[in-house]
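The basis for the numbers below is simple: all heavy atoms, side chains too, and nothing from hydrogens, waters or symmetry mates. Residue numbering restarts at 1 for every chain, and letters A, B, ... go by the order of the sequence lines.
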Amino acid sequence: MKLELKKFGNILSSRPAGRDAWLSAQAYLFDKLKPKEKIEVDFSNVSVLSPSWAEEFLTQLKKKYLEQVVFLPSDNPSVKASLEIIEI
Amino acid sequence: MKTDTKQRILAYIIDNKRVSPKEIVSYFGLNATGIFRHLGDLIKQGLIIKQGKPPKVFYLSMNNKKQDSSIIQNGFIWNENRAGILPPSEVYCPTRDVFQARLDHLLADCLRQFDENLSYLLTAVVGEIGNNSFDHNLGNWRDVAGIYFVADLTARKILISDRGQGIFATIKRVRPEIKNDIEAIRIAFTERISGRAPEQRGNGLKFVKKIFEQQGWQLNFGSGQAVCHIESELTSFANQKKEIRGIIALIKF
């Protein structure tokens with residue numbers, strides 16, 4: 001499945017927003033996920049990603065789905081810098 | 001208190017551009033001798049100049065490029081004030097929701113003036129610093145809840161301040177051995193640690209440091225009696241006499 005982060009907003013900045021997004025995604029997006037199905041994380045049209053949001057969502061996603069998670073490349077400098085700093 | 005008055009006088013002169021001593025005395029309602037002493041100090045510090053001869057004397061602020069705009073100065077004054085007072089609504093974010101809405105505006109305003117990469121990174125670091133204030137002080141502010149947040153994009157400066165617990169109190173919860181503000185601020189900017197352990201967090205200010213160093217932007221981030229200064233891709237930590245309540249972050253990009 002393709003996980004389009006733009007559907008959570010244009011500025012993905014705060015911890016509560018990241019936590020809320022994670023809870024929502026588990027309830028409504030991953031409930032039909034097949035075993036071993038890839039989750040392609042798409043950053044298109046996300047303007048701002050901060051490490052706080054990323055830790056609450058992407059770190060949890062990676063922790064739960066491990067190798068199933070694939071981060072699609074992004075040219076956005078805040079996406080690149082946040083992914084580097086949270087080391088996932 | 002003396003410093004406070006001096007800064008208020010400076011802010012008043014910057015706001016009004018050219019003012020007579022009579023206007024200043026009347027506006028502040030203080031003893032004229034004290035006002036003239038402050039004006040003398042401000043001249044010595046190179047912040048204002050005196051123009052004309054009695055009885056037609058005026059005070060002017062120096063070149064605006066050399067100093068912060070009054071709305072930025074007022075952020076410092078707000079933080080320094082002993083009594084917590086509500087900031088003007090245009091710079092006050094009492095809740096995270098208000099801050100988030102203003103962050104959206106900041107991005108839109110930046111995109112009108114600067115390139116996309118600068119706008120995205122600047123919004124990301126401002127978001128981290130502002131959200132950090134809410135993360136660590138919710139329900140625990142000293143007096144005024146929320147943050148003072150102002151962006152002067154013409155001067156390319158942004159100020160964020162809160163009257164919260166400050167970095168030392170936050171870090172000491174998880175590193176009880178630390179002894180002072182400078183140790184705390186150094187840890188906050190350089191080590192992966194969370195004041196809200198065991199939650200998965202603790203990268204916000206490291207991210208801020210990294211972006212400022214990469215972009216060559218300037219940051220003065222003060223808390224308590226310590227300051228983190230980033231300039232020309234170098235980060236340093238220092239003690240300062242002035243006590244900052246909570247935090248003040250002045251960004252120059």
Can you find a side-chain donor-acceptor pair between B:D97 and B:T95 that sits under 3.5 Å?
no
Taking every non-hydrogen pair under 4.5 Å, which of A:S52, A:S50, A:P51 racks up the most with chain B?
A:P51
Do any of residues 210-218 of chain B come closer than 4.5 Å to chain A, heavy atom to heavy atom, and if so which ones, in number order?
B:K210, B:I211
Is it true that A:S47 and A:N76 share a donor-acceptor pair across their side chains at a distance under 3.5 Å?
no
Does any heavy atom of chain A fall under 4.5 Å from the side chain of B:N132, the backbone, both, or neither of them?
neither
Ion pair check, A:E40 and A:K2, cut-off under 4.0 Å
no
Exactly one candidate in B:R175, B:K206, B:R186 meets side chain to side chain donor-acceptor pair (under 3.5 Å) with B:E191; the answer is B:R175
Give a yes or no on this: more than 12 heavy atoms of other residues, nucleotides or ligands lie within 6.0 Å of atom CG of B:D115.
yes
Decide if the gap between the ring center of B:Y92 and the ring center of B:W78 is smaller than 6.0 angstrom.
no
Check the pair B:R163, B:N79 against side chain to side chain donor-acceptor pair (under 3.5 Å), reporting the backbone distance first and the verdict last.
CA-CA 7 Å; B:R163 294 174 65 100; B:N79 184 281; 5.6 Å; no
For B:E116, which atoms come within 4.5 Å of any heavy atom of chain A: side chain, backbone, both, or neither?
neither
What part of A:L12 lies closer than 4.5 angstrom to a heavy atom of chain B: side chain, backbone, both or neither?
neither
With a 4.0 Å cut-off on N to O distance, would you call B:D135 and A:R15 a salt bridge?
yes
